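Please read the structure below before turning to the comments.
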Amino acid sequence: DSAGWYILYGDNVPSGSFGDWRQGSAHTFRADIGRSLTAADEMMISQRTADAKKAREEKLEKKHENAIDIAARIWEVAEPAGPEHPYLKRKGIQAHMARMGRDTRLIIPLFDESDTLTSVQYIDADGDKKNLSGGRVSGCYCPFGDLLSASCIYVAEGFATAATIAEITETATVATFSASNIAPVVGTLRKKYPTKQIVIVADHDNNPLKPGVFYDNPE
């Protein structure tokens, strides 16, 4: 799909940047040209990196702004989801904030630190998930319960996991939608609710390559 991006400079010292719009990741690289880089080389690469970063941030901001308008329109026309939806029935959870589109997919909202709807996630009957293209995800979450009055907030990855925790514990919970978004969301919550206890309930997939395992015991 169109989540990946890259900028490549092929002259003198080949270098550039690449990343993923959806995850909000970015990386830089430069080729080994078989000699030490001069001060001029270093300055050139630094300037290119700064220019690429600025261009990426401007483009990403535009994508986010467009997605906010699209998400608002999608959310406005969607109907509240019912407990009879196949995905909800299979997971044994309530609909909570979920709505349903005309294609019967669940529509899950994501909110930022100012409670602005930034994006939505679609979940079909089989559990396949897809985020709105261009929507901001990093640091955004789907809330369950009253976060403002809660003394403790649980942080989970998926919608179904967060819903299950909220129903069992009757405690405010948020869904981050990915393991890589746990840290940004915790940062958002800590800034917004500095006195509240935050408990991370990350997925444990019994696989050391899965990033969720790292957050089982965060520093």
Side-chain angles (χ1 to χ4, degrees), residues 1-7 17-26 52-88 91 93-148 155-163 166 173-189 191-192:
D1 57 22
S2 60
W5 62 269
Y6 71 91
I7 299 174
S17 303
F18 65 96
D20 186 304
W21 294 115
R22 184 179 300 118
Q23 297 295 335
S25 62
K53 182 175 184 292
K54 181 180 179 181
R56 171 185 170 273
E57 289 175 348
E58 290 175 349
K59 188 172 183 179
L60 185 59
E61 181 63 26
K62 186 62 176 179
K63 282 176 173 284
H64 287 167
E65 291 175 359
N66 292 337
I68 286 175
D69 293 335
I70 295 172
R73 292 197 296 270
I74 292 172
W75 190 248
E76 183 178 355
V77 300
E79 298 290 337
E84 70 281 356
H85 189 278
Y87 180 77
L88 299 177
K91 294 293 185 177
I93 56 175
Q94 301 171 24
H96 296 278
M97 295 186 71
R99 295 188 180 183
M100 189 171 65
R102 294 178 181 177
D103 57 3
T104 73
R105 289 188 298 176
L106 292 177
I107 300 175
I108 315 300
L110 281 87
F111 298 94
D112 66 8
E113 61 279 357
S114 61
D115 298 325
T116 298
L117 178 67
T118 63
S119 187
V120 296
Q121 182 181 79
Y122 299 100
I123 305 179
D124 65 19
D126 296 326
D128 291 330
K129 303 172 183 177
K130 184 177 181 181
N131 293 337
L132 176 66
S133 177
R136 177 187 163 197
V137 175
S138 181
C140 302
Y141 54 85
C142 176
F144 297 75
D146 185 357
L147 273 59
L148 183 60
V155 178
E157 294 179 34
F159 173 80
T161 302
T173 307
V174 302
T176 68
F177 292 3
S178 71
S180 61
N181 196 31
I182 289 179
V185 167
V186 169
T188 297
L189 295 175
K191 183 177 180 180
K192 190 171 183 178

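The first residue of the sequence shown is numbered 1, and numbering continues consecutively from there. Bear in mind that the values here come from a model prediction, so they are computed numbers and not experimental data.
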On a heavy-atom basis, the closest approach of V120 and P109 is CG1-CA, 4.4 Å
Nearest heavy-atom pair of A98 and I108: which atoms, and what distance? CB-CD1, 3.5 Å
Atom pair OG1/CG of T118 and L110 - distance to nearest 0.5 Å: 5.0 Å
Measuring from atom CD1 of I123 to atom NZ of K130, what distance do you get when rounded to the nearest 0.5 angstrom? 14.0 Å
Would you give the length of the straight line joining atom CD1 of I93 to atom NE2 of H85, rounded to the nearest 0.5 angstrom? 10.5 Å
Write down the atom of N181, the atom of C140, and the distance for their closest heavy-atom approach. ND2-O, 3.1 Å
In short, side chain to side chain donor-acceptor pair (under 3.5 Å) pairs touching residues 100-113 with sequence neighbours left out are D103-R105, D112-S114, E113-R136
Taking the side chain as every heavy atom from C-beta outward, state whether L147 and L189 have any pair of such atoms under 4.5 Å apart. yes
Assign the ring pair F144 / F159 to parallel, tilted or perpendicular, where the plane angle (0 to 90°) is split at 30° and 60°. tilted
State, to 0.1 Å, how close S119 and L132 come at their nearest heavy-atom pair, and which atoms those are. OG-CB, 3.5 Å
To check you understand the geometry: which heavy-atom pair defines the closest contact between Y141 and K192, and what is its length? OH-NZ, 3.9 Å
Assess whether side chain to side chain contact (heavy atoms under 4.5 Å, CB included) is satisfied between I107 and Y122, documenting all intermediate values. CA-CA 5 Å; I107 300 175; Y122 299 100; 4.0 Å; yes
Is C142 close to V174 at the side-chain level, that is, under 4.5 Å between some pair of heavy atoms? no
Here the pair of heavy atoms bringing Y87 nearest to L106 is CD2-CD1, 3.7 Å
Look up atom CD in E79 and atom CZ in R99, then write down how far apart they are to the nearest 0.5 Å. 8.5 Å
When you measure from the side chain of N66 to the backbone N and O of G134, does any donor-acceptor pair fall under 3.5 Å? no
For the residue pair L88 and P83, establish whether any side-chain heavy-atom pair is separated by less than 4.5 Å. no
